[in-house]
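One structure is given below, encoded as structure tokens.
Just the heavy atoms: all of them, side chains too, but no hydrogens, waters or symmetry mates, feed the values below. Chain A is the first sequence line, chain B the second, and so forth, proteins listed ahead of strands; every chain is numbered from 1.
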Amino acid sequence: MAAVAKHDWADDEDLDETTTTTTQDLPPPQKIQNKDGSTTIIEYRINDNGQKVKTTRRIRLITHREVVNPRVAERKTWGKFGQSAKDVAGPAPDTTSVGENIIFKPSVNWRKDAKDESKDPNAQAMKDKLKDKKVKCRICNGEHFTARCPYKDTMAPIGDAAADAAAGTDDDTPGGGGGGAAATEGAGAAGAGKKGSYVPPALRGGAGGAGAREGDRMGGSKYGERDDLATLRVTNVSEMAEESELRDMFERFGRVTRVFLAKDRDTGLAKGFAFISFADRNDAVKACNKMDGFGFKHLILRVEFAKKAQ
Amino acid sequence: MRPILLAGHERALTQIKYNPDGDLIFSTAKDQQICVWFAHNGERLGTYHGHQGAIWTVDVDPTSTIIASGSADNTIRLWDIKTGKCLKTWDFPTAVKRVEFNEDGTKLLGVTEKRMGHLGTIVVLDIKVDVEAEQSDEKALTIVCDESKATVAGWSYCSKYIIAGHEDGSVSQYDAKTGDLLMNFPIHELNMAITDLQWSQDRTYFITASKDKTAKLITAKDLEVLKTYVSDTSLNSATITPKKDFVILGGGQAAMDVTRTSARQGKFEARFYHKIFEDEIGRVRGHFGPLNTVAADPTGKGYASGGEDGYVRVHQFDKGYFDFMYEVERERQNRLAAQQQQQQQQITA
């Protein structure tokens with residue numbers, strides 16, 4: 001009984017293994033004919049570490065008939081010699097293998113073709129992306145890239161004039177959204193004014209222009225269509241201020257669409273500045289005039305129109 | 001196309017030869033054995049053992065009965081292809097860099113190295129293409145290259161001339177019967193060694209590859225340069241493809257310079273040029289080292305290349321290769337076809 005208790009299961013396993021490797025009672029190789037005409041060959045062998053290895057190969061034989069010279073046919077029956085003397089018929093796996101497929105197509109301008117091929121995955125992805133996008137010129141609204149516009153040198157981008165008009169605060173542009181778009185366009189054009197100078201991504205083109213400010217990035221698409229022209233920047237705000245208090249103060253002048261009070265992430269205290277967006281620019285102008293210099297929680301507020309983030 | 005990789009050698013390949021029927025490939029490398037392979041599936045038929053040094057060259061006789069090999073152990077050996085038995089050994093004072101049978105297999109030339117006070121020579125041996133026959137010990141002819149040693153040599157049509165490429169970039173024509181120097185022209189750039197010389201099927205012209213980054217097509221009769229193929233790397237080998245009018249060039253940076261270069265920069269590709277228009281029409285990559293030797297299948301179905309990496313890659317061409325034609329070639333073909341049709345119509349009318 002004691003002897004049995006001493007016997008460890010781990011030893012047991014070891015014993016088993018050694019017996020299999022020493023006796024080498026491997027299962028005989030199997031050949032199975034599959035329904036689809038291929039053959040599965042299962043072979044067992046013992047590798048250098050004494051482990052049993054099962055190799056499963058699936059082979060499909062395709063008979064390929066070729067008429068060859070009788071001399072060639074005779075040579076195919078020759079016995080192997082030298083280092084291949086012990087090899088069985090057919091290519092030996094240790095000396096012969098098949099390489100990866102190479103596409104070789106002679107062509108006069110192969111150099112260009114090769115380049116196209118190397119670019120291909122990227123180009124394809126780009127093509128898919130732009131499949132249902134239409135090209136629109138910023139200068140003449142034609143269906144070509146702005147850079148290719150025939151009026152490139154003679155005409156300014158469409159947005160330019162509108163943007164100039166919008167810059168004057170009193171001048172009402174019809175429709176807030178349209179005005180905003182025009183402003184972004186103007187900024188984009190201004191940024192791109194000097195040829196070859198660097199234009200930050202936020203100012204490039206008109207399409208992404210709405211996301212020009214830090215807050216917008218965080219707000220995502222929700223604030224994507226924000227009207228920057230009716231936004232006030234309020235500075236010298238007390239640390240104790242709350243967004244609701246600001247909203248109450250500014251709602252006296254008109255409908256406030258957004259109040260953003262910058263707060264410290266850790267302490268939760270206000271950082272001292274806020275942005276107030278109005279639905280109507282006229283209300284914003286009024287609020288700006290009235291609230292600039294307003295005393296709030298022992299501090300004098302400074303209110304001005306928000307500038308576009310540069 | 002899917003190349004077949006033959007890994008029978010442990011060191012850099014030196015030469016590959018197809019037999020005239022295109023079913024066997026012989027390969028030699030700087031290790032000490034010659035391998036013979038079936039071209040259609042890459043199966044190794046056997047190896048030939050006996051050389052004591054790097055084997056530089058091999059050639060097969062026109063009937064595929066025997067092969068000759070030249071080695072750095074200063075011998076030329078003759079082997080029975082079928083059994084792998086060494087039939088004959090000739091000893092020389094220096095290494096043998098090139099052997100070649102003439103068109104009917106009755107003569108064998110060997111190029112010996114210039115070393116240890118010996119000048120480079122081209123020797124000619126009489127051969128009996130028979131496994132049982134006793135081969136003669138005597139050299140039929142010895143040509144001494146006293147100006148610049150020969151690196152490569154071969155037999156022209158009808159075994160009329162022996163053409164040799166030299167270390168200084170020149171090409172000579174010798175009378176194959178007397179061994180007299182008939183012509184010597186500086187074909188390639190001065191002191192850029194000629195690394196390979198391979199014949200067209202009828203042996204009236206040949207292609208040379210040189211370290212000066214060019215390969216040239218030259219006539220055997222008066223050593224006139226017909227075509228020049230310019231590449232961007234030093235060339236180790238060049239061959240003319242049968243069936244299609246192409247040439248294949250192989251080369252790459254010298255083995256000592258490749259350590260810090262990727263496969264792409266090393267230019268380890270087989271380059272295809274159009275034989276007549278001299279344009280590069282494509283490349284085949286795959287080797288991890290410079291290509292030391294390229295050989296075209298005499299049946300025109302494929303080619304094999306051997307690299308410094310020790311691999312032989314055997315390629316069977318796709319349909320695209322056979323279909324390729326220049327616009328002018330296609331037009332000509334169409335015109336000829338139209339003419340034939342007209343003639344037939346006239347006959348029937």
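- Shortest non-hydrogen contact noted between A/Val98 and B/Leu5 is C-CD1, 4.3 Å.
- Here B/Gln33 is the residue among B/Gln33, B/Lys244, B/Glu327, B/Lys85 with the most heavy-atom pairs under 4.5 Å with chain A.
- Among B/Leu6, B/Ile4, B/Asp21, the residue with the largest count of heavy-atom pairs under 4.5 Å with chain A is B/Asp21.
- When each of B/Gly286, B/Ala7, B/Gly8, B/Gly320 is checked for heavy-atom pairs under 4.5 Å with chain A, B/Ala7 comes out on top.
- Here B/His40 is the residue among B/Arg313, B/His40, B/Lys319 with the most heavy-atom pairs under 4.5 Å with chain A.
- At a 4.5 Å heavy-atom cutoff, B/His274 makes no contact with chain A through either its backbone or its side chain.
- Here the side chains of A/Glu74 and B/Lys82 are in contact, with some heavy-atom distance below 4.5 Å.
- Atom CZ of B/Phe272 is surrounded by more than 12 heavy atoms from other residues, nucleotides or ligands within 6.0 Å.
- Within a 6.0 Å radius of CZ in B/Arg330, other residues, nucleotides and ligands contribute more than 12 heavy atoms.
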Subject >> Verdict with reasoning, B/Arg44 to A/Thr95, per side chain to side chain donor-acceptor pair (under 3.5 Å) >> reply: CA-CA 7 Å; B/Arg44 185 160 75 177; A/Thr95 54; 4.8 Å; no
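- A/Lys105 is not listed as a side-chain neighbour of B/Phe324, based on a closest heavy-atom distance of 4.5 Å or more.
- Residues B/Asp23 and A/Arg75 form a side-chain contact, since some pair of their non-hydrogen atoms from C-beta on lies under 4.5 Å apart.
- Rounded to the nearest 0.5 angstrom, B/Asn19 CG and A/Arg71 CZ are separated by 9.0 Å.
- Looking at B/Phe277, neither its backbone nor its side chain comes within 4.5 Å of chain A, counting heavy atoms on both sides.
- With hydrogens and angles ignored, the 3.5 Å screen pairs a side-chain donor or acceptor of B/Thr47 with a backbone N or O of A/Gln83.
- Summarising the local packing, CD of B/Glu10 is surrounded by 12 or fewer heavy atoms from other residues, nucleotides or ligands at distances under 6.0 Å.
- Within 6.0 Å of NZ on B/Lys275 lie more than 12 heavy atoms contributed by other residues, nucleotides or ligands.
- A/Thr96 places a side-chain heavy atom less than 4.5 Å from the side chain of B/Trp37.
- The CZ atom of A/Phe104 lies 11.5 Å from the CZ atom of B/Arg283; values are rounded to the nearest 0.5 Å.
- Taking A/Asp87, A/Val72, A/Asn69 one by one and counting their heavy-atom pairs under 4.5 Å with chain B, the maximum is reached by A/Val72.
- Residues B/Tyr321 and A/Pro106 are in side-chain contact: their nearest non-hydrogen atoms beyond the backbone lie under 4.5 Å apart.
- Atom CD1 of B/Ile81 is separated from atom CZ of A/Phe81 by 8.5 Å, given to the nearest 0.5 angstrom.
- With values rounded to the nearest 0.5 angstrom, A/Ser84 atom OG is found 7.5 Å from B/Leu45 atom CG.
- Side-chain contact between B/Glu280 and A/Val108 is absent, with no heavy-atom pair separated by less than 4.5 Å.
- When all heavy atoms of B/Met1 and A/Asn101 are compared, the pair lying nearest together is O-OD1, 2.8 Å.
- Per-residue heavy-atom pair counts under 4.5 Å with chain B were compared for A/Gly82, A/Ala92, A/Gly99, A/Ala85, and the maximum is reached by A/Gly99.
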**OP:** Using the side chain to side chain contact (heavy atoms under 4.5 Å, CB included) rule, take B/Val36 and A/Lys80 through it: C-alpha gap first, then chi angles, then the decisive distance, then the call.
**Re:** CA-CA 10 Å; B/Val36 55; A/Lys80 295 185 179 185; over 6 Å; no
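- The most heavy-atom pairs under 4.5 Å with chain A, out of B/Leu24, B/Asn41, B/Thr83, come from B/Thr83.
- Of the atoms belonging to B/Ser64, heavy atoms from both backbone and side chain fall under 4.5 Å from chain A.
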